[in-house]
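A quick write-up on the structure given underneath.
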Amino acid sequence: MLALIAFGAAILVAVYRYVILPVFVSPLSKIPAACPTSSLSPAWILWTRWRGRENATVLAAHERLGPLVRLGPNEISVNCVNGGIRTVYTGGFEKGEWYSNAFSAYGGVHNMFSMEKRDVHSARKRMISNVYAKSSLQASPALREISETVLCRRMLPRIATAPGGILEAYELFSAVTLDVVTAYIFGLEQGSNFTDHAEVGAKWLHDYKSRQPYLFWIQEMPNVFQLFSKLGLGQWLIPEWVGEKSADIEEQCLEWCDAAEAAVVSGKAAESARHHPTVYGQLRSMVKKQEKLDKMDTEKQNDRLTQKQRLDIASEMLDHLAAGFDTSGITLTYLAWELSRPHNAAIQSALREELLTLNPPFSMTEVEPSTPLPSAKDIDDLPLLHAVVMETLRLHAAIPGGQPRITPANTTLGPPGAEVHGIPAGVRVVSAAHSLHRNSEVFPEPGLWRPKRWLDNEGGVDCGGEKARWFWAFGSGGRMCVGSNLAVLEIKSTVAAIWSNFETTIEDDAGMEHVDGYLAEPRGSPQGSFLRLRCEKI
Ligand code: HEM
Ligand SMILES: *[C@@H]1O[C@H](CO)[C@@H](O)[C@H](O)[C@H]1NC(C)=O
Ligand SMILES: *[C@@H]1O[C@H](CO)[C@@H](O)[C@H](O)[C@H]1NC(C)=O
Ligand SMILES: *[C@@H]1O[C@H](CO)[C@@H](O)[C@H](O)[C@H]1NC(C)=O
């Protein structure tokens with residue numbers, strides 16, 4: 001009898017906990033559900049993610065139901081600025097396991113991307129962010145050497161000598177962006193050289209990317225994955241080779257770090273811009289300074305890194321090169337695609353005309369490869385180039401997917417007048433560039449690639465106001481992209497170098513549908529091609 005009562009009570013508690021509370025009582029019940037089952041179970045949103053249908057599905061839900069949408073019993077999507085990304089991201093809501101499980105390296109060593117707690121993260125960000133400031137980049141002798149070497153000595157010759165003038169753009173741009181980013185991090189002489197060694201670069205890209213689909217288990221179903229691992233069945237979900245490839249990538253990054261370390265210790269890093277490891281050197285000196293403060297100068301100082309310091313720095317550097325290369329390569333690939341499509345031929349010509357006003361021009365002179373480059377500042381000031389880059393970042397955001405954060409206690413979300421109060425702590429809240437960038441009141445006909453929307457009638461730049469508030473390619477707030485200035489500078493220089501010298505048309509673009517995920521590289525065609533561009537020297 002007693003057992004029966006206990007059983008009945010347990011059922012009642014469960015019904016309350018899993019049905020009544022989430023569907024009727026929780027403040028989240030005031031938020032319209034994207035799917036009728038959303039308030040009861042996360043199955044629908046997990047299934048949507050697993051199938052790779054999230055961007056289109058979540059956008060459609062917002063168009064139907066407004067700026068606040070419930071995706072699961074404990075997850076909401078927010079698609080507005082006030083009461084939305086302002087509150088969550090500028091307001092500094094913390095990241096959760098979604099990042100820390102997936103993006104730490106070397107057996108759980110954390111970096112800026114993966115750190116959960118605000119204070120730990122901002123201490124790290126303060127140590128590094130100055131090397132990515134626009135003024136530091138424009139004044140950097142190391143970066144000038146990098147642009148000249150990677151863009152003029154490696155990239156332009158590779159394009160000029162491509163068999164039949166035809167190039168696989170995603171492979172080219174991934175190699176170029178990896179060379180630029182590793183050169184800025186570790187020093188040009190210590191970084192990668194994948195633009196010149198196309199096969200090595202393509203293999204690296206393939207190995208790097210092939211692991212990506214398996215992140216689903218670590219990010220979306222960590223408990224299931226842990227359970228499978230405990231039962232010795234982890235490989236059913238994530239095959240062993242994934243871990244092996246990750247270990248190879250970590251090993252490669254350590255080699256780059258050790259080469260940068262050798263340049264620092266030998267003094268070469270200080271003498272020569274080609275050896276100067278800008279980001280590595282910055283973090284290294286901050287780590288050493290911290291050590292000195294901690295030890296209060298009582299112990300003997302040693303300029304060598306401890307093994308812990310070595311791995312802390314390596315995890316951070318791996319994070320920057322990973323965050324930096326694929327995003328910029330994807331952006332360049334879509335930019336090249338749009339510029340080369342037949343209906344955009346006039347924009348390509350107008351852009352070339354603008355680029356040819358640069359003085360000195362960004363022209364490829366085979367005889368004398370050491371003519372000076374136009375300044376980063378002059379390139380940055382070209383309005384149509386700016387508009388073309390902004391429009392590509394808007395329509396083809398490299399990270400269009402949700403950026404999850406966790407609510408603190410008693411959160412209020414939603415646009416003014418339609419707020420929902422009292423949202424409890426621990427709810428996953430996401431906003432996504434894909435949805436924010438398709439608000440037709442701010443970006444009329446949002447599905448069209450139209451650089452002009454970023455220009456005024458006189459052809460000057462017009463990027464302010466509502467457009468700036470809704471533009472979210474780099475996120476916002478304390479966890480915003482630290483490398484956005486480097487990304488824009490590198491993308492603009494690459495575009496200037498190519499379209500000052502070549503005319504491009506499309507040979508094959510069957511692979512250009514985006515992958516629907518957090519990161520949105522081109523899906524690739526069944527033949528394994530992404531974007532084959534035909535390049536003719538002008
Ligand atoms: C077009 C190129 C790029 C795009 C679209 C992009 C986009 C983003 C976005 C959306 C975030 C926030 C992600 C989140 O919170 O989920 C982010 C963070 C970050 N990005 Fe970028 N990024 C680009 C290039 C770069 C480059 C070149 C670097 C460095 C070399 C870089 C380094 C980072 C780092 C370290 C973070 C973490 C920042 C933090 O948590 O404080 N990114 N990026
Ligand atoms: C990059 O590779 C090319 C071609 O093998 C070589 O000439 C050049 O010295 C290499 N550069 C660096 C910095 O390793
Ligand atoms: C929750 O926040 C609202 C306003 O944002 C405030 O009026 C209310 O007192 C808070 N409740 C608790 C329990 O802190
Ligand atoms: C969004 O995902 C759909 C598939 O669901 C895909 O066709 C489309 O290219 C993606 N768009 C972007 C901009 O990521």
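Numbering of ligands and ligand atoms starts at 1, following listing order.
Contact annotation: for Leu395 versus ligand 4, heavy atoms closer than 4.0 Å belong to the backbone alone. Neither the backbone nor the side chain of Arg124 comes within 4.0 Å of ligand 1, counting heavy atoms alone.
Distance from atom 5 (C) of ligand 1 to its nearest protein heavy atom, with residue and atom name: Ala473 O, 3.6 Å. Shortest contact from atom 1 (C) of ligand 4 to any protein heavy atom: Asn55 ND2, 1.8 Å. Scanning the protein heavy atoms around atom 38 (C) of ligand 1, the nearest turns out to be Met480 O, 3.7 Å.
At least one heavy atom of Tyr518 sits closer than 4.0 Å to an atom of ligand 1. In this structure, Arg438 has a heavy atom closer than 4.0 Å to ligand 4. Heavy-atom distances between Tyr99 and ligand 1 reach below 4.0 Å in at least one pair. Between Tyr132 and ligand 1 there is a heavy-atom distance shorter than 4.0 Å.
Close N/O approach between Thr331 and ligand 1 is not found [any backbone or side-chain N/O within under 3.5 Å]. Of the polar atoms of Lys125, at least one N or O is found under 3.5 Å from an N or O of ligand 1, judged by distance alone. Looking at Arg479 next to ligand 1, an N or O pair under 3.5 Å apart turns up. Considering both main-chain and side-chain atoms, Asn410 comes within under 3.5 Å of ligand 3 through a nitrogen or oxygen pair.
Among Glu316, Met115, His121, the residue whose heavy atom lies nearest to atom 41 (O) of ligand 1 is His121.
A search for ring pair (Phe, Tyr, Trp, His ring centres under 6.0 Å) contacts involving Phe325 returns Trp204, Tyr208, not counting sequence neighbours.
Taking a cut-off of 2.8 Å, the protein N, O or S atoms nearer than that to atom 21 (Fe) of ligand 1 are Cys481 SG.
Of all the atoms in ligand 4, the ones that sit under 4.0 Å from a non-hydrogen atom of His434 are 11 (N), 12 (C), 13 (C).
Under the 30°/60° scheme for interplanar angles, the aromatic rings of Trp472 and Tyr89 are found to stand perpendicular.
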